[in-house]
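Here is the structure we will look at.
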Protein chains: 2
Amino acid sequence: MKSASSDAADFLLEDFLPYELSVAANRISRLFARRYSEAFGLSIAQWRVLAVVGRHQALSPGQVADATEMDKVKVSRAAASLVERGLLSQQTDPQDGRARVLRLTEAGRAIHSSIVPLARDLEAQIEARMAPQDWAALRPALRRLSMVVAELEGE
Amino acid sequence: MKSASSDAADFLLEDFLPYELSVAANRISRLFARRYSEAFGLSIAQWRVLAVVGRHQALSPGQVADATEMDKVKVSRAAASLVERGLLSQQTDPQDGRARVLRLTEAGRAIHSSIVPLARDLEAQIEARMAPQDWAALRPALRRLSMVVAELEGE
DNA sequence: GTCGATTAGTTTCAAATGAAATCAGCGTCA
DNA sequence: TGACGCTGATTTCATTTGAAACTAATCGAC
């Protein structure tokens with residue numbers, strides 16, 4: 001005799017945490033991507049680069065990659081397109097000729113101060129529709145989950 | 001004077017829910033993808049198709065797409081590769097010549113009963129490393145979040 | 001100093017993705 | 001019954017992705 005939970009035929013994808021997480025993340029990314037694409041013509045990668053460069057005054061692409069959890073190829077391309085659009089400046093680091101220094105331009109600072117409220121607004125819209133205890137529980141649980149998975153990944 | 005929360009320069013990407021969710025989901029997907037690729041040579045898309053076809057006896061590609069939240073192109077390709085590998089059978093639906101019926105083959109049933117325990121195991125490993133209240137809170141909060149975002153998407 | 005190893009960033013190329021076009025079969029209404 | 005629209009699924013094609021190769025510059029050992 002088999003116990004219910006060990007029977008493969010009973011496996012429910014929709015109750016499987018990695019699946020639920022992936023679905024939720026994809027939905028929110030689509031929503032987010034659509035809003036930023038419509039309002040500013042920005043991809044999520046570009047948005048992330050603007051957000052972290054706006055927060056710290058000057059960052060290298062490598063630092064941006066660390067801060068955004070994106071790979072260096074993605075950062076390189078996002079930064080190139082933002083430089084192209086005149087939102088970012090990229091100079092060779094005077095201390096290290098291999099490295100680059102990314103900064104917001106004036107136009108970049110302007111767009112940065114427009115995109116951040118939209119992000120806060122989106123988050124607030126979500127929060128407003130959730131039960132306070134769900135909302136409050138989500139962030140620490142998610143953070144813990146991220147840590148746990150990072151550990152498992154590294155093994 | 002500006003309040004702290006409305007100053008764009010103070011925006012912290014790492015405290016932004018959509019970002020945190022995306023990071024957590026990507027990490028778990030990478031871990032999951034690596035394990036299934038190593039152990040069975042399966043992609044996540046293929047894994048999902050096997051999981052839902054294994055649960056329901058016979059499904060059309062469209063039903064699989066609904067059940068897995070994947071688009072029909074992805075399902076079509078995943079199913080084709082599984083048929084290729086002899087894990088799935090695909091026949092024309094006798095009731096409707098446009099539709100197809102996907103079923104597990106014998107080999108498919110065998111692999112299905114191997115992959116499900118690995119999924120449960122992975123989930124259990126994560127659960128074991130989380131505080132019980134975080135774990136317990138995560139699922140309902142995530143489900144609610146998914147619903148909320150789906151609503152916002154549809155507007 | 002200079003040579004090999006390493007690091008920062010970019011580019012290349014093959015694989016994955018998904019929107020739109022296509023194909024095939026069903027239903028219906030005149 | 002046959003023409004039109006609709007639906008299920010696949011294919012095409014342009015775009016995105018990321019691993020690996022490449023370029024350029026620093027670092028460290030001798």
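A note on names: the letters A, B, ... follow the listed sequences, proteins ahead of strands, and every chain is numbered from 1. Computation of the quantities below employed the complete heavy-atom set of this structure, encompassing side-chain atoms and omitting hydrogens, waters and symmetry-equivalent molecules.
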message: When you measure from the side chain of Ser76(B) to the backbone of Lys72(B), do you find a donor-acceptor pair of N or O atoms at a distance under 3.5 Å?
response: no
- prompt: When you check the gap from the basic side-chain N to the acidic O, do Glu123(A) and Arg139(A) get nearer than 4.0 Å?
  reply: yes
query: Over how many whole Å does the gap from Gln63(B) atom CD to dG8(D) atom P extend?
result: 10 Å
- request: For the pair Arg103(A) (side chain) and Val101(A) (backbone), establish whether a donor and an acceptor sit closer than 3.5 Å, ignoring hydrogens and angles.
  value: no
- line: Gln46(A) atom CD is separated from dT17(D) atom P, nearest whole Å, by 10 Å
message: Taking only side-chain N and O atoms of Gln90(B), does any of them lie within less than 4.0 angstrom of OP1 or OP2 on dT10(D)?
response: yes
statement: 5'-most contact on DNA chain C (nearest-nucleotide basis), Gly62(A) vs Asp93(B), goes to Gly62(A)
task: Please state how far atom CD1 in Ile44(B) lies from atom P in dA16(C), giving the value in whole angstrom units.
output: 13 Å
query: Does Phe16(B) have its ring centroid less than 6.0 Å away from the ring centroid of Phe32(A)?
result: yes
query: Rounded to the Å, how far apart are Gln91(B) CD and dA9(D) P?
result: 14 Å
- request: Would you mind telling me which of dT11(D), dC6(D), dT17(C) lies closest to the side-chain atoms of Arg98(B)?
  value: dC6(D)
message: Go nucleotide by nucleotide along DNA chain C from the 5' end; which of Arg77(A) and Asp96(A) gets its closest nucleotide reached first?
response: Asp96(A)
- prompt: dA9(D) phosphate, OP1 or OP2: any side-chain N/O from Ser76(B) under 4.0 angstrom?
  reply: no
- prompt: Rounded to whole angstroms, how far apart are NZ on Lys72(A) and P on dA8(C)?
  reply: 9 Å
- request: Using a strict cut-off of less than 4.0 Å between a Lys/Arg side-chain nitrogen and an Asp/Glu carboxylate oxygen, indicate whether Glu69(A) and Arg27(B) qualify as a salt bridge.
  value: yes
field: Closest-nucleotide 5' rank along DNA chain D - winner of Asp71(A) and Val73(B)
entry: Val73(B)
query: Separation of Leu59(B) atom CG from dG8(D) atom C1', in whole Å?
result: 14 Å
statement: Among dG8(D), dT10(D), dG9(C), the one nearest any side-chain atom of Ser60(A) is dG9(C)
Length of the CG-C1' vector between Asn26(B) and dT16(D), whole Å: 15 Å
- prompt: Expressed in angstrom and rounded to an integer, what is the separation of Leu88(A) atom CG from dG9(C) atom C1'?
  reply: 15 Å
